[in-house]
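Some notes on the structure that comes next.
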Amino acid sequence: MSTSSKLLATEELDSFAKAHEAQGGKVVGTYCCHLPEELLHAANLLPYRLRATGCKDDSDAETYLSSFSCSFVRACLQQFMDGNREFLDGVVGSDGCLMAQRLFDTWKHLYKDGQFYHQFNTPRVTGPRAETYYQTEIRELVAALEKHYQVSITDEKLWQAIAVYNQTRSLIQQLYGLCKGKEPRVTGEECLRIMLAAMSMRKDLFNEMLSAFLAEAQQRKPITNYRARLMLVGSALDDPEYVKLFEAAGGLVVTDVQCFGSSYQWELVERVSEDPVQCLAKTYLNRPACPRMCTMHAEFCDHILARAKEYMVDGIVFMRMKNCDVWGGEGFNVQEMMKKAGIPLLVLDREEIVANAGQVGVRAEAFLEMLETEANN
Amino acid sequence: MSEQLDLVKLIADQSASIVEYAKKKYPDRVYMFEFMNNYWKDVINARESGKPIVMCPPNFPMELIYALDAVPFVLEQVPTRLASGKETFKYIDLAEQYIPATVCAMDKIILGAALSGDFRFTPNAFLYCSLPCDNARAVYPLVAEHYKTPTFCVDTPYRRDKIGYDYIAENFKEAYEFLQKALGREHNEERMAQVIRNSNRSAQLLTECSKLRRLKPCPLPSRMTIMNGMVGSTMGAAFPIDFLEEQLAIGQKTAARHEGVTPGDEKYRILWLQNMIWSNASIMDWMETKYNAVSVMDDFGFQTDYVVSNPYDMEEVYQVLGQRSLGYPMVHGACGPAEKYVEMTEACMESYNINLAIYAGHVGCKHTWASAKIISDLVKDKYNVPVLTFDLDSLDIRYKSTDEIKQIITEFMETLESSERA
Ligand code: SF4
Ligand code: SF4
C-alpha cells in the first residue's frame, strides 16, 4: 500500500495503534482538542483520539447513556462495548462538554480496572487566572503519567514533543492549503480521512506520511468539476462518508471548523517563555477551537468567518448533532454572523449513525442549487 | 407574540394573589407563598425605583449582589415560577427558532423571555457561570449578548478540592470587583457582614430542615423540597430566614407529636434522583394522599452547609461562597463526574431512610440522563430499593401532562403494592 493509501484507509487506521502496542508501546485514549497531547507524546505514549467512525448500532451504549445523549458519544462508548478499543491502556477524560464527560464516567464505571485514567479539566474562560489554573491541570497530568508509566517527562522531552506537534500543525495547514486557492487538489473527504489518521498514530510517523502525501498531491491536476466550495462547521464529525454525501452531490468541502478537522491541531505552540507548560497552556487555552469556551464566542465566530473568507467558500453547512447543546447554542451566533456577512448557511441536524443519507443528499443538492442560482444572479 | 406583556409584573401579581388565596384557603401554607412573594416584590420595587438589578443564575452567590444594595434577578426563577402554566409555551417556541428544541426548557424559557422583551428592563449588570451544564453555558452568553450590558463570567471549576475552591474564590473576588465597578457602588464592610450573617442563618436553617426530613415519619411536606431549592436564589436577604424559621418550627412541632404529613401511616419515603417535577408540585401532594408516600429528599436539591465564621474576612467569605456554589443544586454531584453523583445519591440513601426512588428524568437535562443507569443500578443493587424511571419535561407540560405522569406513577405503585402483597 502506498503512503497515501495508508493515510486514506480509515478502516485500517487502528493497525497503527495495535502495532504500537505490539512493540511494547502504550496507547491512551483522549477526546478533547483542549488536551495538550504533547504530554502523552513526551511520555512515549500514543494518544489515540476516541471516535465513533464506522459504528452502525449504538443500542448497548444507549442503555447507559440514554436516548437523550449525543449520539457521537454514544457510538464512541459502543466501540468499547464492541471490543474495538482493546488496544487502549487507559483514557484521559476531560470536561470538554458534559456529554463527553459522561463517556469517560461510563467508561470508568465499566472498564477502568487495570487501566490508566485521569480527569483533566480545561477552564472555560481565558486570562491569567485561567491560564494558571490550566497549568496546574497540565502539571497534574504530567505527574500522573510519570507515576503510572514510570517515566520522567522532562522539559527537554516536552520541547521535543512540542516541536514534533508544531511540525504536524504546519503540515496540516499545508494540507488545507491544497484546498485553499482556485486550484484545489484534495477533497474534503480526503482531508477528513487524513485528520483521522493524525489522531491515530504517533506524530513523528504521521509527519513523515503526510509530507509524502503532500509531495504527491501537489503534482495532482486541480479539481475543477465541482459546483460550489463548501465549509463544514459544527459538532464532531468523524465520518468521511458524511462528507462524501456533499461531494457526491457536486460540492467541494474546502475547509471546516469542527473538532475532527482543523480544530484538532492548527495553531503553533510558541516559545513565549522557557517553561514548556506555560507555553502549552497559553496556546491551548487561547485557540479558537470550540464553542465550549464561554468568553470566546465572538472570537470564535470571527474565526469561522475569517476561515470562510480565506478559503473563498460559497456556502457553509452547519451541522448540529442532536442533543449537542454546545454547538446548538453557537448556531445562534453563527447564523447571525453569516446572515450579516452574506454567506449562505445550511443548518443540518444530524446523528452519528447516518440513517437518512438520502435525505441529507437531497438537502445538499438543494443547497448547491441555491448557491449556483445565487452565483449566477 | 404580544408586545404588551409585562412578565415580571405578571409573576409578581400572581405571587401576591397566591398569598391572598392561601390566607383564605390554606392559612397554614401562607408562609411558603409569602417567601416567593417577597422575592418578586423586591424585583418589582427595584425596577420601579431604579435600584440596580443584576441578572444571574442561582449558583452565583447572591450575597455579593445584596452587599452592594442591588437586587438579584435570578433567571431560573422565571421558568420554575411559570412551570405549571401555559405562559411558558410562547417563550419556548420563540427560543426554538434560534436554538435546538433539545436544549433544556429552563434555558429556552430564559432565552425566549429575554428575546421577547417581556422582562421590560435591561439589567445593570449580567453574571453567569460556566456550570451547571452545557445548556446554561450555551444560552447565558446569548442572553448577555442580547442585553449588551456589563457582563462577567464566573468559571466554575469541575473539581471539588482545594485547587477548585481557591479558583472559584478568586473568580468571585473578581466578580465582586466587577460588580462594584458596573454598579458604581463601593464595598461596605458592615453591609456585607449583615448579608453574610443572613446567609449563614439561611444555610443553617436549611440544614436543620433537611435533618428533620430524616425522621420517620417525615414531619415536613414533600413540596418543601422544591421550595427549599429556591432559597439559594435569595441567600443574603432577610426574608428567607422568616420562611425557614417558620418551616423549621412547624416541622419540629409535628416531629414532637410523632406525626407525619400523610393521612395514613407513612409508607413510602421517596428520593427523587434527578430534577424535581417543578411543573407539577401538586403530584407530590397527591402521592402523599393517595399512597402515603412522602418525597423526603432529592438529588438535585441536596445541599451542604458551609458557614462563614468571620463575616469581615473577605478571603474567608469568597472561600465559603465558593464551596457553597460548588455544592449548589444542579452544580454539585449531578453535573458530574459521575462518582460525585453516586456519592451524593449514597449520602441521601443512607441518611434519609429511603424505600422508593424516582428518576423522573427532565428531558433537557441530558448529562444527568447519561448517568441514569449508573445511578438507578446503584439504588437497586446496593440498597435493594425499587426505582421508577420515566421521562418528562419539568417545565413544558405539553411534553407529558399531569394526568399522564400520574398514570405512570399509578401503574408503578400498583405493581409495587401487588408485589408487596404477593
Ligand atoms: S458533538 Fe457536541 S455533545 Fe457531542 S461530544 Fe461534541 S461537543 Fe459534546
Ligand atoms: S435542569 Fe439540568 S439541563 Fe436544565 S439547567 Fe438544570 S442542570 Fe442544566
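Computed from heavy atoms alone, side chains included, the values below leave out hydrogens, waters and symmetry copies. Here is how names work: the chains are called A, B, and so on, in the same order as the sequence lines, proteins then strands, and each is numbered from 1. Bear in mind the structure is a predicted one, so any value in this text is a computation, not a measurement.
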When the 4.5 angstrom heavy-atom criterion is applied to Val139(B) and chain A, the contacting part is neither
Parallel, tilted or perpendicular, judged at 30° and 60°: which one describes the rings of Tyr117(A) and Trp107(A)? perpendicular
Task: Lys/Arg N to Asp/Glu carboxylate O, Lys108(B) vs Glu96(B), below 4.0 Å - done: yes
Applying a strict 4.5 Å limit to non-hydrogen atoms, the region of Ala298(A) in contact with chain B is neither
- request: Kindly determine whether Gln78(A) and Asp57(A) satisfy side chain to side chain donor-acceptor pair (under 3.5 Å), including the steps that lead there.
  value: CA-CA 8 Å; Gln78(A) 186 69 42; Asp57(A) 175 4; 6.0 Å; no
Correct closest heavy-atom pair for Ile138(A) and Pro36(A) would be CD1-CG, 4.0 Å
Residue pairs meeting salt bridge (Lys or Arg N to Asp or Glu O under 4.0 Å), one or both in residues 139-149 of chain B, sequence neighbours left out, come to Glu145(B)-Lys148(B)
So, Ser325(B) side chain and Phe60(B) main chain: donor-acceptor pair closer than 3.5 Å or not? no
So, the part of Glu174(B) with a heavy atom under 4.5 Å from chain A: the answer is side chain
Per-residue tally against chain A (heavy atom, under 4.5 Å) across Leu131(B), Leu142(B), Thr151(B) peaks at Leu142(B)
- Message: I want to know whether Phe300(A) and Trp327(A) have ring centres closer than 6.0 Å.
- Response: yes
Note: vs chain B, highest number of non-hydrogen pairs under 4.5 angstrom among Lys322(A), Gln335(A), Lys108(A), Glu336(A) is Lys108(A)
Pair count under 4.5 Å, heavy atoms only, with chain B: among Arg74(A), His109(A), His297(A), Glu62(A), highest is His109(A)
Of Ala144(B), Cys335(B), Ala101(B), the largest count of non-hydrogen pairs under 4.5 angstrom with chain A goes to Cys335(B)
If you tally heavy-atom pairs under 4.5 Å between each of Leu111(B), Thr156(B), Asp107(B), Ile163(B) and chain A, the highest tally belongs to Ile163(B)
Once you measure the plane-to-plane angle for Phe120(A) and Tyr134(A), does it fall in the parallel (<30°), tilted (30-60°) or perpendicular (>60°) bin?
perpendicular
Of the listed Ser69(A), Gly93(A), Pro123(A), the one with the largest count of heavy-atom pairs under 4.5 Å with chain B is Pro123(A)
The interface call for Gln119(A) against chain B, heavy-atom contacts under 4.5 Å, is side chain
Under 4.5 Å to a heavy atom of chain B? For Asn323(A) that would be both
So, the part of Thr106(A) with a heavy atom under 4.5 Å from chain B: the answer is both
Under 4.5 Å to a heavy atom of chain A? For Tyr128(B) that would be side chain
Ranking Cys153(B), Cys133(B), Pro337(B) by heavy-atom pairs under 4.5 Å to chain A gives rank one to Pro337(B)
Requested in this report: Could you label the plane-to-plane angle of the Tyr133(A) and Tyr167(B) rings as parallel, tilted or perpendicular, counting under 30° as parallel and over 60° as perpendicular?
Outcome: parallel
Between the CG atom in Asn171(B) and the CG atom in Asp166(B), the distance rounded to the nearest 0.5 Å is 11.5 Å
Looking only at Gly331(A), Ala130(A), Cys324(A), most heavy-atom pairs under 4.5 Å shared with chain B are made by Ala130(A)
Interface check, chain A: of Ser371(B), Gly364(B), Ala372(B), most non-hydrogen pairs under 4.5 Å belong to Ser371(B)
Ranked by heavy-atom pairs below 4.5 Å to chain B, first place among Cys70(A), Pro291(A), Ser67(A), Gly328(A) goes to Gly328(A)
Bottom line for Glu330(A): the part with an atom under 4.5 Å from chain B's heavy atoms is neither
When the 4.5 angstrom heavy-atom criterion is applied to Pro141(B) and chain A, the contacting part is side chain
Could you tell me how the ring of Phe260(A) sits relative to the ring of Phe72(A): parallel (under 30°), tilted (30 to 60°) or perpendicular (over 60°)?
perpendicular
Bottom line for Ile99(B): the part with an atom under 4.5 Å from chain A's heavy atoms is both
So CZ of Phe318(A) and CE of Met231(A): to nearest 0.5 Å the spacing works out to 11.0 Å
When the 4.5 angstrom heavy-atom criterion is applied to Arg320(A) and chain B, the contacting part is side chain
Heaviest contributor of heavy-atom pairs below 4.5 Å to chain A, chosen from Arg137(B), Gln97(B), Glu170(B), is Arg137(B)
> Between the main-chain N or O of Tyr264(A) and the side-chain N or O of Arg49(A), is there a donor-acceptor pair closer than 3.5 Å?
Replying inline: no
Per-residue tally against chain B (heavy atom, under 4.5 Å) across Thr132(A), Asp105(A), Leu98(A) peaks at Leu98(A)
Problem - Residues Asn356(A), Glu351(A); criterion side chain to side chain donor-acceptor pair (under 3.5 Å); working and verdict - result: CA-CA 9 Å; Asn356(A) 61 343; Glu351(A) 294 263 29; over 6 Å; no
